[in-house]
Each structure stands twice: as structure tokens, then as C-alpha cells.
Amino acid sequence: MKITSIAFGEGKSIPDKFSKYGANRIPPLHIEGIPRQARSLALIMDDPDAPNGTFTHWLVANIAPETTDIEENTEPSGIVQGINDYGKNSYGGPKPPSGTHRYFFKFYALDTVLELAEGFSRVELERQINKHCIESGTLMAMYTHSGD
């Protein structure tokens with residue numbers, strides 16, 4: 001699967017409006033090459049460069065497999081969201097304390113619709129991904145906090 005965004009390219013900078021320092025808007029994402037046998041998609045957005053280890057920004061399960069686009073600042077319908085490291089069941093944009101961090105948008109095509117309740121944990125989602133993943137794709141972009 002190939003993941004792209006019209007807002008930023010692979011390895012490029014995420015604009016401020018998608019960060020917690022900005023408007024915290026969900027970035028537009030485009031997914032290509034979803035396998036025909038996929039029954040749902042899952043998404044993990046994280047920052048492996050966080051000072052205390054990988055920081056989870058967004059956990060999403062049960063994205064319809066027909067979904068090729070997540071529009072800017074729009075959650076796909078019918079999804080279930082897990083709790084991120086901000087303590088919310090929603091998107092939480094980049095907010096590095098300093099320097100440049102990498103942000104990974106990882107999509108997984110799954111062979112089933114997951115039975116997860118709103119507020120599920122990353123561990124729960126990863127356990128299901130490990131059992132049901134058919135294919136995956138990742139978009140990596142950077143965000144630099146220039147200071148207050």
C-alpha cells in the first residue's frame with residue numbers, strides 16, 4: 001500500500017496547522033493499493049523520537065476498506081478510536097518539546113473488522129494487527145518545533 005498526503009511529502013515537513021502548536025487539524029491522507037480481500041483498515045500515527053520513547057498520536061480501527069482518502073480535519077465514518085498518549089480518543093498532532101521529530105502514519109489492511117471498543121489501547125490494536133494484517137504502508141514526515 002502507498003500512503004501520501006497533498007499537505008506534505010515523504011520525509012518533508014508537516015505544516016503547523018496539523019500540529020498541537022497550530023490548529024491540530026487532521027492532515028489529508030491518501031491510500032493506494034488496498035488489497036481487495038481487506039475487510040477494514042487500521043492506522044497508527046506515532047513519533048519514535050519523543051524523549052520518553054515512542055509517543056502515540058492517533059489510533060484508528062475499522063476504517064472502511066473502500067476508503068482511499070481521509071479529508072483534512074475529517075474522521076472517516078464508522079471508525080473506532082483508541083486512546084492516544086495525550087489521553088484522548090482522537091487525533092493529536094505533533095508537539096515535540098524541541099528539535100525535529102519524525103512522524104509515521106502507518107496503515108494496515110486487515111482481513112477482518114475488529115471488535116474493539118472506543119478507547120482501546122495501542123497494545124490491543126497491535127495484537128489484532130499482528131493476527132490480521134494482510135498488507136501495510138507508511139508515510140513518514142517531519143515536524144520541527146521552533147520554540148516559543
Side-chain angles (χ1 to χ4, degrees), residues 1-8 10-11 13-97 100-143 145:
M1 294 187 330
K2 183 177 179 185
I3 314 305
T4 57
S5 177
I6 59 170
F8 49 86
E10 175 72 25
S13 290
I14 297 171
D16 282 335
K17 71 178 177 176
F18 303 113
S19 79
K20 293 276 266 182
Y21 294 112
N24 199 42
R25 295 176 66 83
I26 296 170
L29 299 167
H30 178 72
I31 311 148
E32 292 178 29
I34 299 167
R36 287 183 45 224
Q37 67 270 35
R39 295 295 164 253
S40 71
L41 303 176
L43 165 64
I44 296 175
M45 178 197 168
D46 62 18
D47 167 10
D49 303 318
N52 296 320
T54 300
F55 191 95
T56 301
H57 287 265
W58 200 19
L59 296 172
V60 185
N62 297 340
I63 301 168
E66 305 80 39
T67 304
T68 55
D69 287 287
I70 294 176
E71 302 295 332
E72 182 174 325
N73 214 37
T74 304
E75 296 172 350
S77 62
I79 63 168
V80 179
Q81 297 185 80
I83 192 158
N84 63 27
D85 286 338
Y86 293 118
K88 306 280 186 193
N89 297 338
S90 61
Y91 171 80
K95 190 181 179 189
T100 300
H101 288 219
R102 296 169 298 153
Y103 295 86
F104 290 84
F105 297 83
K106 298 178 269 195
F107 280 86
Y108 303 89
L110 308 176
D111 63 6
T112 190
V113 174
L114 301 179
E115 293 187 22
L116 292 171
E118 191 77 13
F120 60 83
S121 72
R122 179 173 178 149
V123 169
E124 289 174 285
L125 180 58
E126 287 177 332
R127 188 176 299 126
Q128 294 302 313
I129 288 169
N130 289 336
K131 289 181 194 172
H132 298 287
C133 185
I134 313 168
E135 198 170 323
S136 63
T138 302
L139 171 64
M140 187 279 294
M142 318 283 272
Y143 184 79
H145 177 51

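Throughout, residue positions are numbered sequentially from 1 according to the sequence presented.
- Checked by atom type and distance alone, the side chain of Ser40 pairs as donor or acceptor with a backbone atom of Thr112 at under 3.5 Å.
- Nearest heavy atom pair, residue Glu135 against residue Pro35, reads OE1-CG, 3.5 Å.
- Rounded to the nearest 0.5 angstrom, Asp46 CG and Phe105 CZ are separated by 10.0 Å.
- The minimum heavy-atom distance between Pro28 and Ser5, with the atom names listed, is O-OG, 2.6 Å.
- Between Asp85 and Arg122 there is no salt bridge, since none of the side-chain N atoms of the basic residue sits less than 4.0 Å from a carboxylate O of the acidic one.
- Checked against side-chain contact (heavy atoms from CB on, under 4.5 Å), Glu115 has no partners two or more places apart in sequence or in another chain.
- What you find for Asn24 and Asn73 is that their closest heavy atoms are O-OD1, 4.3 Å.
- Between the side chain of His30 and the main chain of Asp69, no donor-acceptor pair closer than 3.5 Å is present.
- Considering every non-hydrogen atom in both Ile34 and Pro65, the closest pair reads CD1-O, 3.5 Å.
- Atom NZ of Lys95 has 12 or fewer heavy atoms from other residues, nucleotides or ligands within 6.0 Å.
- Residues Ser121 and Glu124 share a closest heavy-atom pair of N-OE1, 2.7 Å.
- The backbone N or O of Val113 sits nowhere less than 3.5 Å from a side-chain atom of Asn62 that would complete a donor-acceptor pair.
- Rounding to the nearest 0.5 Å places CG of Leu43 at 8.0 Å from CG of Leu59.
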> After noting the C-alpha distance and the side-chain angles of Leu114 and Phe120, does the key distance pass the side-chain contact (heavy atoms from CB on, under 4.5 Å) rule?
Replying inline: CA-CA 11 Å; Leu114 301 179; Phe120 60 83; over 6 Å; no
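- Residues Pro96 and Phe55 are not in side-chain contact: their nearest non-hydrogen atoms beyond the backbone lie 4.5 Å or more apart.
- Minimum interatomic distance between Ala109 and Met1 (heavy atoms only, all atoms of both residues): CB-SD, 3.7 Å.
- Taken to the nearest 0.5 Å, the CD atom of Glu10 stands 10.0 Å off from the OG1 atom of Thr4.
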> Would Arg39 and Leu110 satisfy side-chain contact (heavy atoms from CB on, under 4.5 Å), going step by step from the backbone distance to the final call?
Replying inline: CA-CA 6 Å; Arg39 295 295 164 253; Leu110 308 176; over 6 Å; no
>> Set out, in order, the CA-CA distance, both residues' side-chain angles and the distance that settles side-chain contact (heavy atoms from CB on, under 4.5 Å) for Ile26 and Glu75, then state yes or no.
In response: CA-CA 8 Å; Ile26 296 170; Glu75 296 172 350; 3.7 Å; yes
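- Side-chain contact between His132 and Tyr108 is absent, with no heavy atoms from C-beta onward closer than 4.5 Å.
- Partners of Lys88 according to the side-chain contact (heavy atoms from CB on, under 4.5 Å) rule, which considers only residues two or more places apart in sequence or in another chain, are Asn84, Tyr86, Ser90.
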>> Show, in sequence, the C-alpha distance, side-chain angles and deciding distance for Phe18 and Glu72, and conclude whether the side-chain contact (heavy atoms from CB on, under 4.5 Å) test is met.
In response: CA-CA 9 Å; Phe18 303 113; Glu72 182 174 325; 3.8 Å; yes
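- To the nearest 0.5 Å, the span separating CD1 on Ile134 from CD1 on Ile129 amounts to 12.5 Å.
- The ring of Tyr143 has its center no closer than 6.0 angstrom to the ring center of His145.
- Separating the SG atom in Cys133 from the CG atom in Leu41 is a distance of 10.0 Å, to the nearest 0.5 Å.
- To the nearest 0.5 Å, the span separating CD on Gln81 from CG on Asn89 amounts to 7.0 Å.
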